[in-house]
Every structure is written in structure tokens, then in C-alpha cells.
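Numbers restart at 1 for each chain; the letters A, B, ... are given by sequence-line order, proteins then strands. Here the structure is a predicted model, which means the values were calculated and not measured. Keep in mind that the numbers below use all heavy atoms, side chains included, and drop hydrogens, waters and symmetry copies.
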Protein chains: 2
Amino acid sequence: MNKNTNKKSEKKIRSRNEIKILDAAVLLFSKKGFDGTRFMEIAKASELPKANVYYYFSSKNEIYERLIENVIQGWDNAFEHINLDLEPADAIDTYIGAKLDYARLNPIESRFFAHEMLRGGEFLTRKQRQHIRDVTRKHEHVLESWILQGKIRDISPQHFFIMLWASTEFYANFTNVVELTLEKRKLTKKDYDNARKTIVNSILNGCLKK
Amino acid sequence: MNKNTNKKSEKKIRSRNEIKILDAAVLLFSKKGFDGTRFMEIAKASELPKANVYYYFSSKNEIYERLIENVIQGWDNAFEHINLDLEPADAIDTYIGAKLDYARLNPIESRFFAHEMLRGGEFLTRKQRQHIRDVTRKHEHVLESWILQGKIRDISPQHFFIMLWASTEFYANFTNVVELTLEKRKLTKKDYDNARKTIVNSILNGCLKK
DNA sequence: ATAAAAACTGACATTTTTGTCAACTTTATA
DNA sequence: TATAAAGTTGACAAAAATGTCAGTTTTTAT
């Protein structure tokens with residue numbers, strides 16, 4: 001009678017299977033991109049028959065678009081509590097820390113999106129583009145206000161922001177290059193901490209001795 | 001009698017066609033990666049029949065490996081004249097300028113290699129890996145010596161170097177994100193100059209006002 | 001001019017991938 | 001417990017991609 005005959009029954013079969021499929025898909029896409037991933041591979045990796053995957057998603061396209069949306073939401077969740085209302089030094093430190101945490105904990109999502117950007121972001125909807133633009137602009141405004149208040153030098157907020165994005169995302173997207181550079185087989189939390197210190201220190205104070 | 005019946009006859013048909021094929025291939029690979037690119041597409045883009053392409057390259061693999069080698073050589077050529085024996089400020093300025101020039105002028109090669117790194121660099125030979133490592137290490141040594149000489153702060157040369165690489169490569173790999181951020185349809189030389197100024201200024205002197 | 005080497009190509013067999021469907025099983029609901 | 005709805009699947013046809021080859025044309029060297 002009860003809708004739960006056993007404890008572990010997730011509310012919906014649909015939801016459980018969609019997650020299986022999306023998880024398998026994002027991993028494959030993160031390695032080989034949209035065109036490089038076969039529908040059949042996704043089915044295999046999901047441990048579901050192909051026809052069953054078609055039951056949930058009508059095309060590879062549909063899976064991919066769902067993932068794009070999920071990743072963008074993931075960012076919003078990860079960074080919504082970042083408080084830029086601090087003094088520049090603290091704010092930037094926190095921001096870079098958060099970005100590196102994201103890179104460390106979500107490398108698959110990062111690489112997935114890197115593929116999308118490499119192909120030119122063709123799959124992004126107008127709305128999603130706008131959203132990214134809005135978030136970016138908000139950050140730029142913070143920088144601008146710091147400049148106006150004489151708290152930081154007069155530099156291009158856009159390029160500065162890109163530098164932060166680039167420096168942190170790199171650790172997720174090109175982990176193997178970092179490993180090669182650090183001559184380590186696997187990056188540890190400590191490595192990310194060192195990255196953070198180096199980036200923050202260079203960007204805040206510069207590398208030159210005064 | 002003369003080996004040139006007409007002026008424009010390139011020395012070798014083989015060489016000309018290989019270039020046609022490699023040019024078409026690197027563009028496709030730069031957009032869709034190795035797995036996402038079909039042999040047939042390369043043939044189409046080369047304007048040669050598929051069987052003709054097979055005459056020159058026995059597999060997609062072979063084309064790809066040739067390109068990897070070419071790109072690595074391209075770097076060596078592009079950066080061999082970079083002189084790091086200057087004072088830190090000048091050296092870093094020159095280096096970042098050269099990297100951004102490369103990003104601006106060779107976006108296809110950059111993206112091609114970005115794909116390769118995203119998939120973990122599986123196609124790189126031991127020798128190529130070692131070469132990259134060696135070049136990187138040389139740069140690190142320069143930084144270390146500056147630190148020892150008290151010319152720059154005591155920061156991790158590895159992470160610092162990664163930051164430079166990341167910040168400059170980003171403009172090639174994710175051009176569309178940059179365009180979105182700058183709200184421009186196409187980046188100009190001027191934009192790259194601004195990037196250079198911002199990166200150099202931040203990294204050398206820091207963004208904080210003293 | 002001619003023979004050998006290099007370059008070219010249409011056509012074909014094979015393999016891989018795609019997408020659909022009808023039949024079947026499980027789960028939810030009344 | 002009956003019935004509808006949701007979920008599952010093997011099997012198949014169609015389409016796309018791969019790789020080869022025999023036969024041809026063009027280029028090179030003598």
C-alpha cells in the first residue's frame with residue numbers, strides 16, 4: 001500500500017536512470033567532446049541497453065543540453081556564497097580559493113565545459129550566454145568600485161578577471177600538464193593550496209621585490 | 001627538359017598534398033578533437049578523394065601524430081629567441097608578449113593541443129613529454145635564480161609559470177569566452193595588448209595599491 | 001620517346017553507429 | 001487484484017564510416 005515497498009526505492013525510476021545516464025555521459029563528453037562520444041558508449045557506460053537510453057533521451061543532443069544546463073547551475077551553487085563585499089585582498093583570496101576548490105572537486109564538469117568552449121560555445125543558448133555575461137559583469141563592477149575607491153590599481157577589470165578564471169580553471173582542464181610540471185603522479189590538496197598561495201600572492205602583491 | 005614546366009610547380013606533389021591534408025586536419029581536430037573528427041571529413045576538407053588521403057597517410061592516427069610533432073616544433077621556433085637573461089620585469093613582459101602573440105596568431109594549433117591535453121596527453125610520446133618538461137624546467141631555473149638573487153619574491157616557480165601559461169593560452173583556447181567578456185565580436189591586436197598590460201602589470205606589481 | 005615510379009581514384013566489402021518498434025515486464029493506482 | 005502507466009529490451013533496417021584494391025593517369029628520369 002505504502003508507496004515505499006523497500007527503503008532504498010528512490011522516488012522515481014526515471015530520476016535514478018537519468019542520473020546514471022547523465023553521469024556516464026558527462027564523463028565521456030569531458031574526455032572526448034560531443035562529436036567524439038557515441039550514443040552507444042553512453043548506453044554502455046550507463047549500464048543500460050541503448051533502447052532504454054532512447055526511452056529517456058531522444059538524442060545525444062538532448063543529453064548534452066541537459067548537461068550544459070546542469071553545469072551552469074552547478075557554478076551558481078558553488079559560487080553563490082562568495083562574498084565580494086570584503087576588502088580586495090580577502091575577497092580575491094576567497095574567490096581564488098573557491099575557484100580552485102571547484103577545479104579540484106569538479107574536474108569532469110570543468111573539462112566538459114572546456115570542450116564546449118573549444119568548439120566555440122555553439123550549444124549555449126542566448127539565455128545561458130547572457131547569464132554568464134551577467135555574472136562576469138557583476139564581478140567587474142566590484143573591481144571597478146575598488147578602483148574608484150583607490151583600493152587597487154587602475155587595471156582592466158575584464159582582463160584581470162579573465163586572468164583569475166584562466167589561472168584556476170587550468171588546474172582542472174589540464175591537470176596532466178600540471179602534474180607533468182610538478183613532477184607528481186597525482187595532485188593533492190596541498191598542491192592546490194600552493195597554487196592558491198602563489199596565484200594570490202603574485203596577483204595581490206606582484207612578484208617583484210620592492 | 002627542365003623540371004619546372006610551369007612556374008608554380010612546387011617541388012613535390014607529395015609535400016603540397018601533405019600540407020593540404022595536415023592543414024585541413026588540424027582545423028578539424030582543433031574544433032572536434034581526435035575522436036570527433038572523421039577520416040572522411042579530413043578528405044573532404046582537403047579537397048582530395050578519401051583514397052588519395054589514404055595514399056599519403058595510413059590512418060587518422062598517423063595524421064594526428066604528425067600534427068603533434070609539428071605543433072611542438074612550432075613552439076620551439078616561436079619561443080627559441082625569447083631571452084630570459086634580462087631583468088625580471090623585462091623578461092616577463094617579453095615572455096608574456098610572445099605567448100600572447102602566439103595565441104593570437106596560432107589559435108588553431110593552440111586549440112588542437114588543448115584537446116590533446118584535455119584527453120590527458122595520451123598521444124604524446126615519452127620523448128615529447130620529456131621535451132616539454134625540459135623546457136619548463138629551464139624556465140623554472142631562471143625564476144629560481146631570480147629568487148636567489150633577491151630580484152623577485154620567494155614564490156613557487158612551477159605554479160607561477162603555470163599561471164603565465166594559463167593566462168596567455170586562455171586567449172587562444174577560449175577566444176569566445178574572452179569575446180563574450182569584452183563584449184566584442186572579434187578580438188583585435190589592441191585587445192591582446194590590453195591583455196598583456198593587465199597581466200604584466202598585475203603579475204609584476206600586484207593589483208593592490210601600496 | 002619510353003619505361004619506371006609516383007600519384008590518383010571509383011567502386012566495393014566490411015564494420016560501426018543510429019534510431020525505431022513491437023512485445024514484454026515491472027510498478028503504480030484504484 | 002485488475003488495469004493502466006511506466007519502464008525495458010532484442011532485434012532489425014538504414015545510414016554512416018572505414019579501409020582496400022585494381023586499374024588508370026600523371027610525373028620523372030633516361
Using a cut-off of less than 4.0 Å, is there contact between a side-chain N or O of A:Tyr56 and OP1 or OP2 of D:dT8? yes
Whole angstrom value for the distance that separates C1' of D:dT8 from CD1 of A:Ile21: 12 Å
Of the listed nucleotides (C:dT18, D:dG7, C:dC8), which one gets closest to any side-chain atom of B:Asn17? C:dC8
Which of parallel (below 30°), tilted (30 to 60°) and perpendicular (above 60°) describes B:Tyr95 and B:Phe161? tilted
Provide, to the nearest angstrom, the distance between the NZ atom belonging to A:Lys20 and the C1' atom belonging to D:dG7. 13 Å
Can you see if the side chain of B:Arg14 gets near the phosphate of C:dA6 - specifically, an N or O under 4.0 Å from OP1 or OP2? no
Has B:Lys99 got its NZ or CZ under 6.0 Å from the middle of the six-membered ring of B:Phe79, at an angle within 45 degrees of the ring axis? yes
Round to the nearest Å and state the distance from A:Met40 atom CE to C:dT15 atom P. 17 Å
Check whether NZ of the Lys or CZ of the Arg B:Lys44 lies under 6.0 Å from the centre of the six-membered ring of B:Phe39 and within 45 degrees of that ring's axis. no
Between P on C:dT20 and CZ on A:Phe39, what's the gap in Å once rounded to a whole number? 10 Å
Using 30° and 60° as the class boundaries, would you call the ring planes of B:Phe123 and B:Phe34 parallel, tilted or perpendicular? tilted
In whole angstrom, give the distance that lies between atom CD of B:Glu62 and atom P of D:dT18. 16 Å
Interface with DNA chain C, restricted to residues 45-52 of chain A and to heavy atoms under 4.0 Å: A:Lys50, A:Ala51
Partner residues of A:Lys197 under the salt bridge (Lys or Arg N to Asp or Glu O under 4.0 Å) criterion, sequence neighbours left out: none
Check the phosphate of C:dA7 against B:Tyr55, side-chain N and O only, distance under 4.0 Å to OP1 or OP2. Yes or no? yes
note: B:Asp35, atom CG; D:dT18, atom C1'; distance rounded to Å ~ 15 Å
Without swapping roles, check the side chain of A:Asn176 against the backbone of B:Met117 for a donor-acceptor pair under 3.5 Å. yes
Can you tell me how far P of D:dT18 sits from CZ of B:Phe34, to the nearest Å? 10 Å
How close or far is atom C1' of D:dA16 from atom NZ of B:Lys60, stated in whole angstroms? 14 Å
Between A:Tyr54 and D:dT9, is there a contact of a side-chain N or O with OP1 or OP2 at under 4.0 Å? no
Please list, chain by chain and in numerical order, all residues satisfying salt bridge (Lys or Arg N to Asp or Glu O under 4.0 Å) with A:Arg119, sequence neighbours excluded. A:Asp35, A:Glu122
